[in-house]
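Each ligand, and each atom within it, is numbered from 1 in the order the structure gives. In this text the structure is predicted, and so the values were computed from the model without any measurement. Computed from heavy atoms alone, side chains included, the values below leave out hydrogens, waters and symmetry copies. The chain is numbered in sequence order, starting from 1.
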Amino acid sequence: MKITAAVARQAKAPFAIEELDIDEPRGKEIRVRVLGVGVCHTDIISRDQQIPVQLPAVLGHEGAGIVESVGSEVSKVAPGDKVVMSFLSCGHCPSCASSSPSYCHEFAPLNFLGRRPDGSPGLRSGAEEVSGRFFGQSSFASHAIVEESNVVKVDVDEVSLPLLGALGCGFQTGAGSIMNSLACQPGENLVIVGGGAVGMSAVLAGAICETNTVLIELNESRRALAIELGAKAALDGNDPDFLEQLAAALPGGVNKVFDTTGIGSVIEKFIGLLAPRGMVGLVAAAAADTKVALDVTQLVIRGITVKGILEGDSHPDVFIPKLVEHFKAGRFPVEKISKTFPLDNINQAIDEQKTSAFVKAVLLP
Ligand code: CXF
Ligand code: ZN
């Protein structure tokens, strides 16, 4: 079948809109008509080869859409079902067996190899192979072939569905980090460093968990948005009075820090601000040589925890339906932090997202 897709052909070059051929779904595969797909930083760094996905490739890993057809072994969904697509996991390694699929021992090959286990890509441009299966989905496209295990059926109206793709990665990561990984409790003082899609969805989750949340963010319009979404304060980390402002906003000290920057010096500074028994969560795809210097004595005598987090420690089958319920109840208003663009305008969407108040560009194929 012919599909339209945004193809990454060269590092640091714009995506190209092209017509491709997609395989029919086999065995446990599903073809989804993509209605909306978020743009995540991981798509950009994969195109740019910080994550070395073989090019040409169709990226996109925050898709939502409608099941169109299913392989002979699929039982989880049926044609017509609405689904959010998330990452792929093997289902049987020690992490998967203990309900922690984001730490699947096969995470990298399953999500970044661009080929099925038999070596086929699922996508072609004439005779040329195009990498598919990015996070098991490659959803910068009108249609995606997905494994049964990385779709989650959702009960939402068709107007909302396109906006919910990012529940499969960025929003799940931000919200899951606060609700699962850092297990934030009412009344705790939480500092979120960086107000992109992950940081801003963490702000929303902080409101759900009833934390006293402070966002640290350089962009003024994003600081204003965070206040509207329930943050107690939003501060410019470069302000000379920053430490006084933070102490005034969070008397009693900082219990939890959630870093989305991946910048070593920033992480060191915020670890130093943690109160006894504090916890810092690290989530960014940092540059490969990023190191953090830890004062071991201070960590020990203050009982500090440093935690790496992938996908918010979420099990998509469990956590995405929870986020959908929060969305439907108005507690997780993704529409306030997203902006839609036609798939054809993917390059413009990426540029706008860098500097605007909205944090999630959602492409409508
Ligand atoms: C990423 C986070 C950084 C490592 C690779 C996977 N998750 C989603 O975009
Ligand atoms: Zn992502």
Atom 5 (C) of ligand 1 sits nearest the protein heavy atom F112 CZ, 4.0 Å
among protein heavy atoms, the one nearest atom 4 (C) of ligand 1 is L310 CD1, 3.9 Å
Polar side chain donor-acceptor pair, T211 to T213, under 3.5 angstrom: yes
Decide whether R115 and S120 meet the rule of one side-chain donor and one side-chain acceptor closer than 3.5 Å. no
Inset, instruction - Using a cut-off of strictly less than 2.8 Å, determine whether H41 has an N/O/S atom near the Zn ion (ligand 2). - result: no
Quiz item: Are E311 and ligand 1 in contact, using a heavy-atom cut-off of under 4.0 Å?
Solution: yes
Rounded to the nearest 0.5 angstrom, the CG-NZ distance for D317 and K322 is 12.5 Å
Show your working on side chain to side chain donor-acceptor pair (under 3.5 Å) between S139 and Q137 and close with a plain yes or no. CA-CA 5 Å; S139 47; Q137 52 178 290; 2.7 Å; yes
Show which atoms of ligand 1 fall inside a sub-4.0 Å distance from at least one heavy-atom site of [X].
X: T42; result: 1 (C), 7 (N), 8 (C), 9 (O)
X: C40; result: 9 (O)
X: C169; result: 8 (C), 9 (O)
X: A285; result: 3 (C)

- D239 (side chain) donor-acceptor with D236 (main chain) under 3.5 angstrom: no
task = Please state whether the rings of F332 and F171 are parallel, tilted or perpendicular, taking 30° and 60° as the class boundaries.
result = perpendicular
